[in-house]
Protein chains: 2
Amino acid sequence: MSLRHAVLGLLADRSGSGYDLLRTFQSSLANVWPATQSQLYTELNRLADAGLVAVTAEGPRGRKEYAITDAGRTELHHWLLEVEPERQRRSESLLRVFFLDQVTPEQGRTYLEREGRAAAAAHQGMRELAERIDADPDPLAVYGRLALEWGLRFTRMQQEWAQWAAEQITERGPQPQVRPPGH
Amino acid sequence: MSLRHAVLGLLADRSGSGYDLLRTFQSSLANVWPATQSQLYTELNRLADAGLVAVTAEGPRGRKEYAITDAGRTELHHWLLEVEPERQRRSESLLRVFFLDQVTPEQGRTYLEREGRAAAAAHQGMRELAERIDADPDPLAVYGRLALEWGLRFTRMQQEWAQWAAEQITERGPQPQVRPPGH
DNA sequence: TCACGACATGTCAAGGCTGGAATGTTAGGA
DNA sequence: TCCTAACATTCCAGCCTTGACATGTCGTGA
């Protein structure tokens with residue numbers, strides 16, 4: 001759905017080939033909208049068919065440089081400002097929490113502690129990235145920095161929540177929550 | 001992918017028909033793993049084929065009551081404890097933030113303020129739900145309450161971040177970030 | 001008794017995503 | 001000069017998701 005707009009947004013900043021875009025997706029955009037190689041090339045062809053981007057140059061190795069068109073820019077603005085974002089989220093981690101009554105409290109606590117550690121590790125990685133960015137600010141990445149800050153706050157929240165949730169289980173003490181296989 | 005485990009988890013708590021499950025999906029589970037009717041019925045048939053659930057009774061109106069099997073319970077436990085959760089998330093809201101340099105600072109601020117209000121509203125809704133639950137605790141929903149707390153913390157974080165981000169734009173002052181259509 | 005809302009399931013087309021395979025070119029270092 | 005890593009694109013099968021359509025039953029209140 002939004003892959004189309006992600007590509008448009010990238011090409012609005014600067015023109016590039018599918019290969020160029022792919023690297024951007026794998027680095028900065030990977031955390032908010034992952035995309036695979038085949039997805040990207042497919043989408044570029046679709047966008048070109050729709051007239052939202054155009055091939056402006058062909059380079060060696062069959063390289064095609066894409067640029068956004070006026071129609072593409074219009075579509076991008078429309079999406080940014082007038083289309084209500086899809087805020088619904090799917091979270092496999094959280095889905096599991098609903099079913100934690102299927103395992104022992106110890107196992108549940110172990111799961112939450114693992115989630116907490118994963119969040120802490122992600123947070124640490126982002127902190128290092130943030131320090132690098134703040135030390136050498138890239139004026140083009142002002143808004144990327146806002147997104148990164150979101151990530152920092154999110155992972156911190158996640159970590160604190162996991163710790164709190166694990167404590168909840170401990171405090172309530174083991175309850176008869178397990179149904180062994182076989183009814 | 002995980003719809004299968006969501007269904008197993010629900011049936012592990014209590015048996016029920018597709019229709020029963022559908023209502024659970026639309027109420028409590030909707031926030032972490034939305035599913036449509038056709039998806040659900042398809043998945044139930046697949047699970048039955050795989051022997052992870054079984055029809056234990058047939059009622060009026062063609063109602064089929066499904067129950068989890070031992071194999072299903074084993075699979076659920078395996079998934080809960082031994083399969084690394086998919087933590088990567090897609091966020092359309094955040095994707096837009098990356099491209100906010102395509103609009104004027106005023107428009108960017110407006111977008112962030114709208115996001116902040118949406119988060120605040122979601123937070124309020126969850127707070128009311130939490131109050132109702134805490135006033136009349138359902139022992140079966142202990143873990144659901146943990147998930148709800150996650151939602152409360154998430155929406156609060158989201159709201160605070162949006163406010164902070166909007167201020168960032170204000171403080172930096174309008175910068176030459178707009179590229180008008182037509183290069 | 002009869003209409004209607006809730007109960008209940010099934011099917012399908014269209015489209016998107018995943019992961020992999022296939023194919024070939026080019027620049028640069030050993 | 002030759003090899004290799006990086007550059008660069010295309011295609012595809014299989015799967016999941018979405019959204020709609022189709023079909024029918026049962027209980028209850030007017």
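Below, read A as the first sequence line, B as the second, and so on, with proteins coming before strands; counting in each chain starts at 1. Just so it is clear, the values below take in all heavy atoms, side chains as well, and ignore hydrogens, waters and symmetry mates.
Judged by distance alone, the side chains of A:Glu115 and A:Ser93 do bring a donor and an acceptor atom under 3.5 Å apart. A:Thr42 and A:Gln39 share no donor-acceptor pair across their side chains, judged by distance under 3.5 Å alone.
What separates CD of B:Glu58 from C1' of D:dG24 is a distance of 15 Å, to the nearest Å. In this structure, A:Glu43 atom CD and C:dT18 atom P are separated by 13 Å, rounded to whole Å. Distance, A:Asp49 CG to D:dT10 P: 11 Å, rounded to whole Å. In this entry the distance linking CG of B:Leu40 with C1' of C:dA8 reads 12 Å, nearest Å. Atom-to-atom, NE2 of B:His5 to C1' of D:dC16 comes out at 15 Å; the value is rounded to the nearest Å. Computed from coordinates, the A:Leu3 CG to D:dT17 P distance equals 18 Å when rounded to whole Å.
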Provide a list of protein-nucleic acid N or O atom pairs under 3.5 angstrom, restricted to nucleotides 9-12 of chain C.
{"residue": "C:dT9", "atom": "OP1", "partner": "B:Lys64", "partner atom": "N", "Å": "2.9"}
{"residue": "C:dT9", "atom": "OP1", "partner": "B:Lys64", "partner atom": "O", "Å": "3.4"}
{"residue": "C:dT9", "atom": "OP2", "partner": "B:Gly18", "partner atom": "N", "Å": "3.2"}
{"residue": "C:dT9", "atom": "OP2", "partner": "B:Tyr19", "partner atom": "N", "Å": "2.8"}
{"residue": "C:dT9", "atom": "OP2", "partner": "B:Tyr41", "partner atom": "OH", "Å": "2.7"}
{"residue": "C:dT9", "atom": "O4", "partner": "B:Gln37", "partner atom": "NE2", "Å": "2.7"}
{"residue": "C:dG10", "atom": "OP1", "partner": "B:Lys64", "partner atom": "NZ", "Å": "2.4"}
{"residue": "C:dG10", "atom": "O6", "partner": "B:Gln37", "partner atom": "OE1", "Å": "3.0"}
{"residue": "C:dG10", "atom": "O6", "partner": "B:Gln37", "partner atom": "NE2", "Å": "3.3"}

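Out of D:dT17, C:dC7, D:dC26, the shortest distance to the side chain of B:Pro60 is found at D:dC26.
The environment of A:Arg114 atom CZ is dense: over 12 non-hydrogen atoms of other residues, nucleotides or ligands sit within 6.0 angstrom.
Phosphate contact (OP1/OP2 of C:dG15, side-chain N/O of A:Arg46, threshold under 4.0 Å): absent. In this model, the phosphate group of C:dG16 is not approached by any side-chain N or O of A:Arg4 to a distance below 4.0 Å at OP1 or OP2.
B:Val142 and B:Ile133 end up in different hydrophobic clusters when Ile, Leu, Val, Met, Phe, Trp and Tyr side chains are linked at under 4.5 Å.
Under the 30°/60° scheme for interplanar angles, the aromatic rings of B:His5 and B:Trp79 are found to lie parallel.
Of the possible polar contacts, one joining the A:Asn45 side chain to the A:Tyr41 backbone as a donor-acceptor pair under 3.5 Å is found.
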